[in-house]
Every structure is written in structure tokens, then in C-alpha cells.
Amino acid sequence: MIQFFNTLSGQKEPFTPIEPGKVKLYTCGPTVYDHAHIGNFRAYVFEDVLKRFLRFQDFQVTHVMNITDVDDKTIRGAKTKGVPLADYTAEYIGAFFDDLKVLRIEPADHYPRATEHIPDMVRIIQGLLDKGFAYRKDGAVYFSIARSPGYGKLSKIDLAELRTTERVESDEYEKESARDFALWKAPKEGEPFWDSEIGPGRPGWHIECSAMSAKYLGPTFDIHCGGVDNIFPHHENEIAQSEAYWGRPFVNTWLHCHHLIVDGEKMAKSKGNFFTLRDLVKNRQVDPMALRYLLLSTHYRKVLNFTFEALEQAQAALRRIRDFLYELDSRPFQAGEVPEVRNILTEARTKFVEGMGDDLNISLALTALFEMIKRVNVLIREEKLRADDARETAAFVHSLDLVLAVLLPQRETTIPDELMRKIQARELARKDRNFKLADQLRRELDDAGLVLEDTKDGVRWKVLR
RNA sequence: GGCGCGGUACCCAAGCGGCUAAGGGAGAGGUCUGCAAAACCUCGAUUCGUCGGUUCGAGUCCGACCCGCGCCUCCA
């Protein structure tokens, strides 16, 4: 059984997709005005693990992630740079896809862009006007919260209790109610706009997701993800619009990922603790897989405190898994198998699936993996593990990696002749008990990224980079 | 002010009424080794923010309090 904590109900509930065996998933994507930061990627990695786990459980997942390529920030950015909006956003869209690959985040099935779905949004806005859920004001169209009885059900916000900020108050004169939000914004001088039957202008942010999710997933779908900060107002507004327009439930399960903070503080450019993936990988030589491990190793509903110490610990945990695979791969095991291994793997798999199935309890899932590693390592130590066991165990680890995606793809094992000769030279030196030369050669190989290990079955090596 | 999250060993982090409080990292000692690496073994919280309460029994439920953080405005 799989259960998720549904923000809408405020509790864990068994997950049952609308259509058996199929999951329709929508996740809020980037606004492409800048490079995505590690906080963004925390959410995307969480969503990736969710998707991979659903697939692991044999669900067929249709995943849609929107790309917001028109909003205040992208418009401002393009203007500042003096380039057309599309040129400006193209750079960041490209960077975004590059980053996804670096973190081994599987591509969505659809990446609809706001600018390419204006007619879909206009249709809904027109419908909301027709049905009386929206009204026009000074060339813009607003959604009337007063006519949406369920408003607040996701965020548990009581509108009467809301603190009115200066910004909201200042807008009040042009709306019927301070909390009404724009579906369609009137054109402004020097800003891009689209002509449509509801007049010239550009879409509000919220309508984008309502229109594009419905287009690719239908008016009601299974799971909608995003960061906690999106609960209000973004997702609340999506629900209001979509349910008003379609007259049926919008989303069954809402999953929200908590924030990432850095050294105990909110990440902010002004604090100097703001990191993009590119910073870390290029300027700090961070292993993207260690970052991915760190991002996924804290439960998605808990605040993740990013520190470089935590990153090192993630790297160490990862090294333990990789070293284990290396052991399985590089030892000369006797042919055959022992029955014990099959049990160990079955137990680990069960525990892994149970953990992940319980609202993605990643800690339990990782424990299952590490306990298995420990038990098999003992068998190796006792020289009980056989060749078939080793093969099966390695295959098992790789199967879990279908969900975790933290192991490198199979690495090139051939090494340059020059290094090969050094390894042999060192072996000769060791035979002659010339340890000084042997250690010197080891250091040289280490500098070249090769770690040598002397075993009773001879020398072996790991490629570190 | 409203809504919400969290405080478990040096660090990260499970456990949410009952076996000796998972797992990872770091640390100490040991086995193996020319040395090292990896692996293995041993050690490490009488204790789960504080104070009360419920219970035969509580990190685990209830109440109060203290501390940290997030959202309420574009934001993953």
C-alpha cells in the first residue's frame, strides 16, 4: 500500500489513482528568469523520487511540468537586458534542462510553456466570466473569491483573519475585494501582450497551471506537487479557478515539499548563502550525486538544512554504497550461490518499498539499503558470498537506484597504459620490498585519480575521477 | 496577529503507547595489511527541549511553557 500526506485533508491517506495503474502528475516548474537554485532542486528531486518510486511500483506516470516564461520577473529581466522576452527566457530554459540532467532528474512528459498556451487560458477566463466567477475591471479580469465557497480549503486560511498588507490594500481600489486575483492583466506600455476575445493583455500566473494541467491531464488528476510556499495563494487559486470552471474536483492529492535553508537561515542572495547548482558543481567541485543524495535524504515534509558538512556526509554515505558495489564487482568469488543472500535481498526490498510507500519515508528506505550492505559485507568477510550472489546483489542495488538515482552510470573501467605500467612497476617494487618506491608510485597514481588497494588476491584499483 | 513545521547522541536522522531508542557520518580501540585503503568486530543517548498530567507502561497521548524555522507579498 502507498500512502501520502495530502495537504488538502491534512493527513496521510491511501493513494488510489483515478485510473488503475496510471498516475497523472503535475508539478510546478520554474519561472525562467534566472538559474534555478538548490532550493528549487530540492523540490524537483523530491518530485523525481516520487515519480521514480511510482514507476518502481509499476504505475504508468504521466508527468507535466509547466514553464513560466512570462511574468513580471521575466519581463523585467528581458527589458533590463534589452532583448526580446523569448530570447531572454530561452537561455534559462536551456540551463534548466542542463541542470536536470546533471542531477539525473528524469524529464517530464510535457513541459508546457505559458506563452504557448495563451488561447487555453483565455478560454477558461472567458468561461469564468460567463459563469460569473470573474469580472472585468480596467482592462483586466479578476477572479472573485467571494463567489468561490470552498476558498481556503487547501491552505486552511480564513480570509477574514488574513493580515492585510500594504500591497493588498493599495490594490483594493481596482478590485471588488482585496484578495481577488488577476486572471488576465491589462497591457502595459512596453510590455508584451496578446490579443484575445477578452481583450489585449497577458495571463496572470495562477491561470497558467489550471489551463495547462487540464490540457495535458484532464480537469481532474491525481497528484499536484510544489513547494510549501505555493500552497497559498498559488495552489489555492488554482483550485478556485479550475473547480469553478469545470465544476468538478481539481486534484485528489496535494504534496508539498518544504524549504531548504542554508546554515539555519533562509537562503537569500543578500545573505551570501545563495547557491545555484552551477555554483556548487563548477566552483566548489561538488559531486552532483552527493548533492542529490543530500537533497533526497531528508523527508520532503521537513525543512532541510543545507550545510557543507551535511554535503560531505552525503558524499561519505554514497561512497559506502559505491565501495560496496566495487567489492561485489572486483572480488574473485567462487561460483554458485548461498540461499541466505536471497533472503537478505528480499527483506531489504520489502523494507525499502514499505518505507517509500509510507509517505516516502526515505530514512527507512535508506536504512533498508544500508542494513543489506552490512549483512552482505559480513558474508564477504566470511568468504561465504558466491559469484551468483554478488551478481544478484549488485543488480539489486542498481534496481533501488532506479528510484534513488545516486549511483553513477557504469563507469569506464579501462585505464591508460601509462597508469597500468605504473601499477605493474609498483607491484615489482613491492616484491623487491622497495616500499619507498612503491609508495611513491602509489602517490602518483593517487594524483591521477586511482586508488590502489592491496588484497591477498593481488592489487586492485578504484577510479575516483 | 493567523496558519504550519521542528527540537532524539558530536553532526544528519528514523521511531509516534510496550522487545536491549533504527540507519548514515564523524570519533576511539581492535582484526587484516610492509604501509595504506576497503571491509569486519567492539565502544558510544539509563535517555528523547522543559515542567506537569493520563496510563500497569510515554520521545510516542494531553496541557502549559521555552527555543529554532517557514508561510501569510513574487518565491520550490
Side-chain angles (χ1 to χ4, degrees), chain A residues 7 10 27-31 33-34 36-47 68 71-73 76 152 155-168 171 205 225-234 236 256-261 264-268 293-294 297-305 307 309-324 326-327 330-331 351 355 358 361-371 373-374 376-382 430 433-436 438-439 442-443 446 451-456 459-462:
Chain A
T7 308
T27 62
C28 279
T31 300
Y33 70 102
D34 198 354
H37 56 68
I38 55 174
N40 296 311
F41 285 114
R42 194 225 173 159
Y44 302 143
V45 167
F46 145 64
E47 289 153 2
T68 302
D71 80 319
D72 292 345
K73 280 185 282 193
R76 197 189 315 130
S155 53
K156 323 285 187 260
I157 275 175
D158 181 351
L159 285 176
E161 297 285 335
L162 271 183
R163 188 169 64 180
T164 47
T165 62
E166 281 180 28
R167 176 179 177 130
V168 171
D171 280 351
W205 176 40
C225 298
V228 281
D229 52 308
N230 279 154
I231 296 173
F232 187 86
H234 186 49
E236 194 69 63
H256 290 99
C257 181
H258 274 61
H259 278 193
L260 172 153
I261 58 177
E265 291 188 305
K266 181 171 175 161
M267 186 165 61
Y293 185 95
L294 174 61
S297 63
T298 293
H299 185 82
Y300 75 94
R301 283 191 291 113
K302 288 186 80 170
V303 173
L304 168 67
N305 187 19
T307 63
E309 188 191 354
L311 191 58
E312 278 170 28
Q313 293 185 3
Q315 183 81 70
L318 206 50
R319 198 179 308 126
R320 181 161 167 85
I321 304 172
R322 288 176 183 165
D323 278 335
F324 176 66
Y326 165 68
E327 290 290 330
S330 63
R331 285 207 179 220
K351 190 166 179 178
D358 182 13
N361 188 330
I362 190 69
S363 297
L364 287 183
L366 291 174
T367 294
L369 171 60
F370 284 110
E371 281 177 345
I373 288 176
K374 176 88 169 183
V376 173
N377 264 331
V378 170
L379 292 178
I380 294 174
R381 175 74 178 171
E382 293 171 348
R430 289 182 68 220
R433 303 194 69 78
N434 183 352
F435 297 122
K436 206 171 172 182
D439 289 348
R442 192 207 319 257
R443 270 193 298 277
D446 190 67
V451 172
L452 298 190
E453 297 181 358
D454 301 317
T455 73
K456 66 182 174 63
V459 67
R460 61 183 193 179
W461 55 86
K462 280 190 275 200

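In what follows, chains carry the letters A, B, and so on, assigned in the order in which the sequence lines appear, proteins first and then strands, with residues in each chain numbered from 1.
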Original post:
Does a side-chain N or O from Arg322(A) land closer than 4.0 Å to OP1 or OP2 of A39(B), or not?
Top reply: no
**OP:** Quick one: list whatever passes ring pair (Phe, Tyr, Trp, His ring centres under 6.0 Å) with Phe41(A), sequence neighbours left out.
**Re:** Tyr44(A)
Protein-nucleotides 30-36 of chain B N/O pairs under 3.5 Å:
unit_1 : atom_1 : unit_2    : atom_2 : d
U31(B) : O2     : Arg381(A) : NH2    : 2.9
G34(B) : O6     : Arg426(A) : NH2    : 3.4
G34(B) : O6     : Arg430(A) : NE     : 3.3
G34(B) : N1     : Asp439(A) : OD1    : 3.1
G34(B) : N2     : Asp439(A) : OD2    : 2.8
C35(B) : O2     : Arg442(A) : NH2    : 2.8
C35(B) : N3     : Arg442(A) : NH2    : 2.5
C35(B) : N4     : Asp454(A) : OD2    : 2.5
A36(B) : N6     : Asp454(A) : O      : 2.7
A36(B) : N1     : Asp454(A) : N      : 2.8
A36(B) : N3     : Arg442(A) : NH1    : 3.0

Original post:
His37(A): what forms a ring pair (Phe, Tyr, Trp, His ring centres under 6.0 Å) with it, not counting sequence neighbours?
Top reply: Phe274(A)
**OP:** Could I get the full list of side-chain hydrogen bond (donor to acceptor under 3.5 Å, both in side chains) partners for Arg433(A), not counting sequence neighbours?
**Re:** none
Subject >> Which residues share a side-chain hydrogen bond (donor to acceptor under 3.5 Å, both in side chains) with His259(A), sequence neighbours left out >> reply: Asp229(A)
**OP:** Kindly say if Asn377(A) contacts the phosphate of A39(B), meaning a side-chain N or O under 4.0 Å from OP1 or OP2.
**Re:** no
**OP:** Please measure how far the P atom in G57(B) lies from the corresponding atom in G53(B), and state the result in whole Å.
**Re:** 12 Å
Original post:
Does the side chain of Leu452(A) come within less than 4.5 Å of Arg460(A)'s, by heavy atoms?
Top reply: no
**OP:** Would you classify G59(B) as syn or anti? Syn applies when the glycosidic angle is within 90° of 0.
**Re:** syn
Original post:
What one-letter contact string describes nucleotides 9-21 of chain B from 5' to 3', where B marks a base within less than 4.0 Å of any protein heavy atom, S marks contact via sugar-phosphate atoms alone, and - marks no contact?
Top reply: --BSSSS------
Original post:
Please, what dot-bracket string fits RNA chain B when only Watson-Crick and G-U pairs with both distances under 3.5 Å count, crossing ones use [ ] and pairs to another strand use |?
Top reply: ((((((((.[[[..)..(....]]].(((((.......))))).....[[[[[..)....]]]]])))))))....
Subject >> Any Lys266(A) side-chain N or O less than 4.0 Å from OP1/OP2 of C71(B) >> reply: yes
**OP:** Could you pull out all residues at least two apart from Arg319(A) that satisfy salt bridge (charged side-chain N to carboxylate O under 4.0 Å, His left out)?
**Re:** none
Original post:
What pairs with Glu312(A) under salt bridge (charged side-chain N to carboxylate O under 4.0 Å, His left out), at least two apart in sequence or on another chain?
Top reply: none
Original post:
Which listed nucleotide (A76(B), G25(B), A38(B)) is nearest to the side chain of Asp323(A)?
Top reply: A38(B)
**OP:** Can you sort out the partners of Tyr300(A) under side-chain hydrogen bond (donor to acceptor under 3.5 Å, both in side chains), two or more places apart, ordered by chain and number?
**Re:** Asp359(A)
Subject >> Residues in side-chain contact (heavy atoms from CB on, under 4.5 Å) contact with Lys73(A), at least two apart in sequence or another chain >> reply: Tyr33(A), Asp71(A), Arg76(A)
Original post:
side-chain hydrogen bond (donor to acceptor under 3.5 Å, both in side chains) with Thr31(A): which residues, sequence neighbours excluded?
Top reply: none
